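Notes for the one structure printed next.
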There are 2 protein chains.
Amino acid sequence: MRPLFHPAVEDLKPEAILYALSDPERVAIFAQIAGLGSSGTCTALANLGSRVIPKSSLSQHMKVLREAGLIRGERHGVEMRNHSRCQEVDRRFPGLIQAILSAYGRPPEQSNAG
Amino acid sequence: MRPLFHPAVEDLKPEAILYALSDPERVAIFAQIAGLGSSGTCTALANLGSRVIPKSSLSQHMKVLREAGLIRGERHGVEMRNHSRCQEVDRRFPGLIQAILSAYGRPPEQSNAG
DNA sequence: TTCCGTAGTTCAGAAATTCGGAACTGTTGA
DNA sequence: TCAACAGTTCCGAATTTCTGAACTACGGAA
């Protein structure tokens, strides 16, 4: 298992963020993590929508979100805790996340990220 | 040559818009069309960046932008005139286009769409 | 220690998408 | 009718996405 990669704020790329959020399934995952404000484990995220996401697919989705800089993942024992990087992304690209979540009809919560 | 398809405002899908604008080449094309405010022909759009876009690829890019609802294309004789649908998109998804263009470092012009 | 269960990752092949040159369509003008 | 032009469509190659199966990593029990 290779270590998790997280881009620095200054390395965030708009194209990666838009691509990551151009998939409704990933948006649902991200919105859930951002809304929770605290850790979201993969298992808990697997059945948000109308189907159960296969875990290999889910793992890929998490990787896309992580490498776009939208979430941060930390291994805690056997599980992975994910939390959003909304604040960092927002500092770099003001208003972007909010506009996107609003467009999807998912108004973001106010800064409840731990 | 099949007729051009343009989604109605109420049929605009955020995922299609984000996908369309997750490619820097398409963003450059869209920003040019939106910035021009008037018609942009494919030929004029082919070499905005560091390379000349092959015309079959350009045609695909235009189709993606058009079917996402970001631009409107009209055939005028031998050429196609494209103009942005920023205002319509903005009515449906307020702030989205502006946030995206700003993230790409392409601050949008003020409503100069004809 | 060894074994087991859980959480998530990686592998690999099938399916889908993207890219771009070549051929094509449709229009204008000579 | 013919040629030139603007853009589209076709199609094969390359790339990407999807997901079941195999795997790694950790923690707890014996």
Side-chain angles (χ1 to χ4, degrees), chain A residues 1-6 13 15-30 32-33 36 38-68 71-83, chain B residues 1-6 13 15-30 32-33 36 38-68 71-83:
Chain A
M1 262 164 185
R2 55 194 73 138
L4 302 176
F5 172 70
H6 296 97
K13 303 248 188 308
E15 56 267 41
I17 291 174
L18 295 212
Y19 173 73
L21 297 180
S22 71
D23 179 329
E25 216 156 55
R26 278 194 296 264
V27 172
I29 294 168
F30 176 66
Q32 175 73 7
I33 293 173
L36 280 177
S38 59
S39 66
T41 63
C42 288
T43 308
L45 297 164
N47 41 12
L48 294 176
S50 51
R51 68 154 191 157
V52 177
I53 306 174
K55 61 180 188 169
S56 58
S57 303
L58 185 61
S59 186
Q60 289 305 310
H61 282 328
M62 300 310 284
K63 184 182 179 190
V64 171
L65 290 170
R66 210 164 49 231
E67 300 196 345
I71 64 175
R72 186 179 298 281
E74 292 169 0
R75 293 196 226 274
H76 282 258
V78 75
E79 71 187 15
M80 174 112 94
R81 298 189 195 153
N82 298 284
H83 52 92
Chain B
M1 261 166 192
R2 55 195 72 142
L4 302 177
F5 171 71
H6 295 97
K13 302 251 190 304
E15 56 266 41
I17 292 174
L18 294 214
Y19 174 73
L21 297 180
S22 69
D23 180 328
E25 216 157 55
R26 278 194 295 265
V27 172
I29 293 168
F30 176 66
Q32 175 73 7
I33 292 173
L36 280 176
S38 60
S39 67
T41 62
C42 287
T43 308
L45 297 164
N47 40 13
L48 294 176
S50 50
R51 67 154 193 158
V52 177
I53 305 174
K55 62 180 187 168
S56 59
S57 303
L58 186 62
S59 185
Q60 287 307 309
H61 282 328
M62 301 310 283
K63 184 182 179 190
V64 170
L65 290 169
R66 209 163 52 228
E67 301 197 345
I71 63 175
R72 187 180 298 281
E74 292 168 1
R75 293 196 225 273
H76 282 258
V78 76
E79 72 188 13
M80 172 112 94
R81 299 188 196 155
N82 297 285
H83 52 92

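Every value quoted in this text rests on a predicted model; they were computed, and no experiment measured them. Order of the sequence lines fixes the chain letters, A, B, ..., with proteins taken first and strands second; residue numbering starts at 1 for each chain.
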With sugar-phosphate taken as primed atoms, P, OP1 and OP2 and all else as base, the protein-contact string of nucleotides 22-30 of chain C at under 4.0 Å (heavy atoms; B, S, -) is B--BBBS--

For dT9(D), take OP1 and OP2 only and decide whether either is under 4.0 Å from a side-chain N or O of R2(B).
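So the side-chain polar atoms of R2(B) do come within 4.0 Å of the phosphate oxygens OP1 or OP2 of dT9(D), strictly under.
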
Under 4.0 Å between a side-chain N or O of S57(A) and OP1 or OP2 of dT19(D)?
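For dT19(D), OP1/OP2 do have a side-chain N/O of S57(A) under 4.0 Å.
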
With sequence neighbours excluded, residues passing side chain to side chain contact (heavy atoms under 4.5 Å, CB included) with R81(A)
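With neighbours one apart ignored, the set is S39(A), H76(A), E79(A).
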
Sequence neighbours excluded, which residues qualify as side chain to side chain contact (heavy atoms under 4.5 Å, CB included) partners of A46(A)?
L58(A)

Donor-acceptor contact below 3.5 Å, side chain H6(A) vs main chain G73(A):
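Pair found, side chain donor or acceptor close to backbone of G73(A).
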
Tell me every residue that passes side chain to side chain donor-acceptor pair (under 3.5 Å) with R66(A), counting only those two or more places apart in sequence or in another chain.
none

Whole-Å gap separating [atom2] ([N]) and [atom1] ([X]):
X      : N       : atom1 : atom2 : result
H61(A) : dC18(D) : NE2   : P     : 6 Å
I53(A) : dT19(D) : CD1   : P     : 9 Å
E67(B) : dT8(D)  : CD    : P     : 11 Å
L4(B)  : dA6(D)  : CG    : C1'   : 13 Å

Base, sugar-phosphate, or nothing: which does R66(B) touch, judged by heavy atoms less than 4.0 Å apart?
sugar-phosphate

Starting at the 5' end of DNA chain D, which residue's closest nucleotide do you reach first, Q60(A) or S59(B)?
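Between the two, 5'-proximity favours S59(B).
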
Does anything in residues 42-57 of chain B form a side chain to side chain donor-acceptor pair (under 3.5 Å)? List the pairs, not counting sequence neighbours.
E25(B)-R51(B)

For DNA chain D, what dot-bracket results from Watson-Crick or G-U pairs at under 3.5 Å, with [ ] for crossers and | for inter-strand partners?
||||||||||||||||||||||||||||||

With the criterion being N/O to N/O and under 3.5 Å, what pairs connect the protein with nucleotides 15-17 of chain D, and how long is each?
unit_1  : atom_1 : unit_2 : atom_2 : d
dT17(D) : OP1    : Y19(A) : OH     : 2.1

Looking at residues 41-52 of chain A, who's got a heavy atom less than 4.0 Å off DNA chain C?
T41(A), C42(A), T43(A)

